[in-house]
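See structure below.
Worth knowing before you read on, the calculation uses all heavy atoms, side chains too, and leaves out hydrogens, waters and symmetry mates. Sequence lines set the chain letters: A, B, ... in the order given, protein chains first and strands last, and positions in each chain run from 1.
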Amino acid sequence: MESPEKQLELLKRGASQINSEAELLAKLRLGRPLNVKLGVDPTAPDIHLGFTVALQKLRQFQDLGHQAILIIGDFTAMIGDPSGRSKTRPQLTHDQVMSNAKSFQQQAFKILDSARTRTVFNGEWFEMMTFEQVMKLNGRVTLQQMLQREDFKSRIERGEPVHLHEIQYPIMQGWDSVMIKADVELGGTDQLFNILVGRDLQREENQPEQVVFLMPLLEGLDGVQKMSKSLGNYVGVSEPPSEMFGKLMSISDELMARYYLLLLGEELPDIHPMDAKKQLGFRIVERYHSTAAAEGALADFNTRFSKRDLNQADLPIVQMAGVEPDIVSVIVASFFQAFQVQKSRGDARRLVEQGSVQLRGEKVAELKAIPALNAGDVLRLDKKHAVRIG
RNA sequence: GGGUAGAUACCGAAGUGGCCAAACGGGGUGGACUGUAAAUCCACUGGCUUACGCCUUCGAAGGUUCGAAUCCUUCUCUGCCCA
């Protein structure tokens, strides 16, 4: 095991805030594996790159010999974390949550070492609690404390509802820390408050308080809001290689620097931005799929977009048997078959009118065209989607 | 419990009996330009339709009217004030 000082130095890298470093160092000096907690709410079945920032840090703790504890918030997910939320999250059923949790774990183990990870469901203790115990727990936190939170405060200012069950969230997350005797809790910067509540509760239970360890939040593809499933600006770790690569290629240059820093832990290399972006895409695909997949995605991107040669590209194949022969119907069917996207005929018509649709490299501009489709023909639908006729 | 204000398309927000498929802004999509970057310009943005037009939509359900997002009734949800 590395010396405590060396560990601290490694761990600090990329962190946004540690409360406090001195405390962390003291814990590292205990010479035993620390319980490092990372909580996740399986509100959606997929992990996206934003969450991997914290996961990677947890992996680093693991590699330094500490005990990673992944808390699956099966119970809290039914409430929904209000952090950074302008609206109440929809509540999920327990069945939804459990099925999400399953695929969530699989994906988390692309980053974590599954053999050395303890996974816990917080329903284990919350389902057993009596109302009396719940009330007792509530008695330890004041409304004023809860209302200090920026997200609640701003919702109140804007005249939007804050429900009581949302106020319970930090208490529950804090109680998780007590139950697993966390030494360190990892989270995004938006988790500061929740993690601090954990410290309060631990102190009340005469436990040593956990160190607050915050990682920066990764912006989503739009470069403005944090990456999140519900905003649709995310890259999922289980997305197909070319999809993943394509999404990363579409980010802005400023954002690319952030991604380098937070996902690869490096400075942006001093090369042409497009090449840098291709490297980024390659390495991310490589990490979550394989080197071969990354090479494939890169090659595909190059033929498809850099050389604008759709013909050689690896495109999804669509069957047109039983589909009306007019171009609009063909487009709608293609979107649905190849990408599971339900376009309206109006959307499809618009794509034709505005000159996006190409068959065998020729623009199809006539709405009522009955195109002659041969097997192997390439049909370009829009900027990002093209198919091959089967 | 009492009072009061509100609920409009992806979001914000106008509209307060016909000119409303509903202004405007943001977002999104397509085109030009490019590096699937940024910036800029143009177009589109409920469904069906080549089009005329038809259909569904303004929290929900009923009603008044030739005609309702707009008026009435009941209901659901939310803010604010009072208790």
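Counting any heavy atom pair closer than 4.0 Å across all strands shown, A:Lys277 reaches a base atom. Backbone-only engagement by A:Ile251 is indicated by non-hydrogen atom pairs under 4.0 Å involving sugar-phosphate atoms exclusively. At the heavy-atom level, A:Asp382 lies under 4.0 Å from the strands shown only through sugar-phosphate atoms. Across all strands shown, A:Gly355 has heavy atoms under 4.0 Å from sugar-phosphate atoms exclusively, and none from any base. Across all strands shown, A:Lys384 has heavy atoms under 4.0 Å from base atoms, whether or not it also approaches the sugar-phosphate.
Here A:Asp314 does not pair with A:Arg304 in a salt bridge; the nearest charged N to carboxylate O distance is not below 4.0 Å. Residues A:Lys278 and A:Asp275 are not paired through a salt bridge, judged by the lack of any N-O separation under 4.0 Å between the basic side chain and the carboxylate. Salt-bridge check for A:Glu219 with A:Lys226: failed, with every basic side-chain N at 4.0 Å or more from each acidic carboxylate O. We find that A:Arg345 and A:Glu324 are not joined by a salt bridge, their nearest charged nitrogen and carboxylate oxygen being 4.0 Å or further apart. A salt bridge does not link A:Arg349 to A:Asp326: none of the charged nitrogens lies less than 4.0 Å from a carboxylate oxygen.
Across all strands shown, the partner of B:C44 is B:G28, judged by Watson-Crick or G-U wobble contacts whose two distances both fall under 3.5 Å. Pair check for B:A5 finds B:U78; Watson-Crick or G-U wobble, both atom distances under 3.5 Å.
At whole-Å resolution of the value, CG in A:Leu248 and C1' in B:G35 are 15 Å apart. Rounding to whole angstrom units, CZ of residue A:Arg308 and P of B:G31 are separated by 10 Å. Nucleotide B:U36 holds its C1' atom 17 Å from the NZ atom of A:Lys307, rounded to whole Å. Atom pair A:Leu164:CG and B:U78:P shows a separation of 12 Å (rounding to whole Å applied).
The P atoms of B:C58 and B:G46 are separated by 16 Å, rounded to the nearest whole Å. For the P atoms, the distance from B:C10 to B:G28 is 16 Å, rounded to whole Å. Spacing between B:A43 and B:C33 at atom C1', rounded to whole Å, works out to 15 Å.
Below 30°, between 30° and 60°, or above 60°: for A:His385 and A:Phe335 the angle between ring planes is above 60°, a perpendicular geometry.
Contact annotation: A:Lys383 side-chain N/O to B:G30 OP1/OP2 distance is under 4.0 Å. Within the 4.0 Å cut-off from OP1 or OP2 of B:G35, not a single side-chain nitrogen or oxygen of A:Arg304 is found.
Each of A:Arg32, A:Gln207, A:Gln202 was compared with A:Asp183 under the side chain to side chain donor-acceptor pair (under 3.5 Å) criterion, and only A:Arg32 meets it. Of the candidates A:Glu23, A:Glu204, A:Glu205, A:Arg199 forms a salt bridge (charged side-chain N to carboxylate O under 4.0 Å, His left out) with just one, namely A:Glu23.
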Report all interatomic pairs (protein N or O, nucleotide N or O of nucleotides 80-83 of chain B) with separations under 3.5 Å.
none

Are any protein N/O atoms closer than 3.5 Å to N/O atoms in nucleotides 45-47 of chain B? If there are, list each pair with its distance.
{"residue": "B:G47", "atom": "OP1", "partner": "A:Ser344", "partner atom": "OG", "Å": "2.7"}

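Close placement of the A:Phe213 and A:Phe61 rings is indicated, their centers lying within 6.0 Å of each other.
Taking only distance into account, the side chain of A:Asp275 never meets the base of B:G35 through a donor-acceptor pair shorter than 3.5 Å.
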